[in-house]
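Step one of this worksheet: look at the structure below.
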Amino acid sequence: MPELPDVEHFRRTFARASVGRRVEAVVVTDPGILRNVAAPELHRALRGHRFEDPERRGKWLIARTDGPALLLHFGMTGDVEWAPAAAGRHRHDRVIVVLDIGEIRYRNMRKLGGVWLAAEPGEVDELLGRLGPDALSVKRKEFFELMGSRRGRVKPALLDQSFLAGVGNLLADEALWRARIHPARRIEDLSVDERAALFRQLRSVIRHTVDSYPEGIRTRWTSARGRPAARCPRCRTELTRTVVGGRATYLCPSCQRQPAAS
DNA sequence: TCAGTTGTTTATAT
DNA sequence: AATATAAACAACTG
């Protein structure tokens, strides 16, 4: 699930429930999801503090309070849910932030990702590590500078969070398909037009999925991807499954020309 | 039983 | 210094 559009949706869910509200309790049902803090300490640190507007950077959700900040990463199966009461908790709800109006649940089946506490605002940056510009807000000029600073295959670059933050496997495949660029093309070989197309299509697919979430996440491309004998929504050629950068990669062999053998 | 999965980190190699 | 590759993490689905 979680790529940039999903995390942006989580951010909005978190914001609606939390902004200006005080933490009554933090319930940890699986301490194994906590990365840099123990359960009693997390509860003690957050209880009584008021949430500010949460921030998203790439695939990270940063929930600041007037004291410490809560950092959430969602791995491949994370989710944020709001509920008006404790009833109906899911077995994969591993951390629950209890507010007076209800509770925010951090759900994560596979437990990749996790929950961090930044005791002070200054700690946030070092916990996030090096992140490139956010893929939703990056400007054209900055994107071109980025492309100029990188060599090697284009898809692994898009997935590298320290290069560009927020793009996951599905977004990368779709943007490359829309821009008609083979995922294994080398960045240094892309023409100016191809770079421009990649920027435009990346921005377009991210904006569209963010604005029309959650229905909009299911695009023509993602609906086709992964189905047996799936066909290109543009030209009806059968899609190819391959591996690029260690990740499952779907592409249209007709629209996305192979890189020249080196 | 086994391959596959939307993410990241680590180790190792080039 | 960058980039490439594979494995590990963990839990579930088909």
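So that the names make sense, note that chain A is the first sequence line, chain B the second, and so on, each numbered from 1. Side-chain atoms are counted along with the backbone in the values below, which use heavy atoms only and exclude waters and symmetry mates.
Geometrically, Arg220(A) does not engage Trp177(A) in a cation-pi contact defined by less than 6.0 Å to the ring centre and at most 45° from the axis.
Taking 4.0 Å as the cut-off between side-chain N and carboxylate O, Asp193(A) and Arg180(A) do not count as a salt-bridged pair.
Looking at heavy-atom distances under 4.0 Å, Arg241(A) makes contact with sugar-phosphate atoms alone, never a base.
Per the geometry, CZ belonging to Arg130(A) stands 11 Å off P belonging to dA1(C), to the nearest Å. The distance between atom NZ of Lys155(A) and atom C1' of dT3(C), rounded to the nearest whole Å, is 17 Å. The CG atom of Asp189(A) sits 14 Å away from the P atom of dT3(C) (whole-angstrom rounding).
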### Task
Verify side chain to side chain contact (heavy atoms under 4.5 Å, CB included) between Thr222(A) and Ile217(A), making sure each step is shown before the conclusion.
CA-CA 8 Å; Thr222(A) 46; Ile217(A) 199 94; over 6 Å; no

### Query
Taking it one step at a time, do Asp100(A) and Arg21(A) satisfy salt bridge (charged side-chain N to carboxylate O under 4.0 Å, His left out)?
CA-CA 8 Å; Asp100(A) 58 347; Arg21(A) 302 215 171 253; 3.2 Å; yes

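Within 6.0 Å of atom CZ in Arg50(A), more than 12 heavy atoms from other residues, nucleotides or ligands are found, so the atom counts as buried in its surroundings. In Arg234(A), the CZ atom is crowded: over 12 heavy atoms of neighbouring residues, nucleotides or ligands sit closer than 6.0 Å.
Ring planes of Phe10(A) and Phe74(A): tilted class, angle from 30 to 60°.
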## Note on the structure
Pairing string of DNA chain C (Watson-Crick or G-U wobble, both atom distances under 3.5 Å; | = paired to other strand) is .||||||||.||||

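Checking side-chain atoms of Arg200(A) against main-chain N and O of Ala179(A) turns up no donor-acceptor pair under 3.5 Å. The main-chain N or O of Trp82(A) is never found under 3.5 Å from a side-chain atom of Thr13(A) such that the two would form a donor-acceptor pair. Proximity of a side-chain donor or acceptor of Asp6(A) to a complementary backbone N or O of Glu3(A) within less than 3.5 Å is detected.
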#### Entry: Summary of protein contacts for nucleotides 4-14 of chain C, nucleotide by nucleotide, where a base hit scores B, a sugar-phosphate-only hit scores S (4.0 Å, heavy atoms)
SS---BBBS--

### Query
What string of B, S and - do you get for nucleotides 8-14 of chain B 5' to 3' if you count protein non-hydrogen atoms under 4.0 Å?
B------

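Considering only heavy atoms from C-beta on, Tyr213(A) stays 4.5 Å or farther from Glu8(A) through its side chain.
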Contacts table for residues 126-136 of chain A: side-chain donor-acceptor under 3.5 angstrom, sequence neighbours left out:
from, atom 1, to, atom 2, distance (Å)
Asp134(A), OD1, Arg56(A), NH1, 2.7
Asp134(A), OD1, Gly58(A), N, 2.8
Asp134(A), OD2, Arg56(A), NH2, 3.0
Asp134(A), OD2, Leu136(A), N, 3.0

Identify all side-chain donor-acceptor contacts of residues 37-47 of chain A below 3.5 Å with residues at least two apart in sequence or on another chain.
from, atom 1, to, atom 2, distance (Å)
His43(A), ND1, Val26(A), N, 3.2
His43(A), NE2, Arg47(A), NH1, 3.2

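Within residues 2-13 of chain A, the residues that place at least one heavy atom under 4.0 Å from DNA chain B are, in residue-number order, Pro2(A), Glu3(A).
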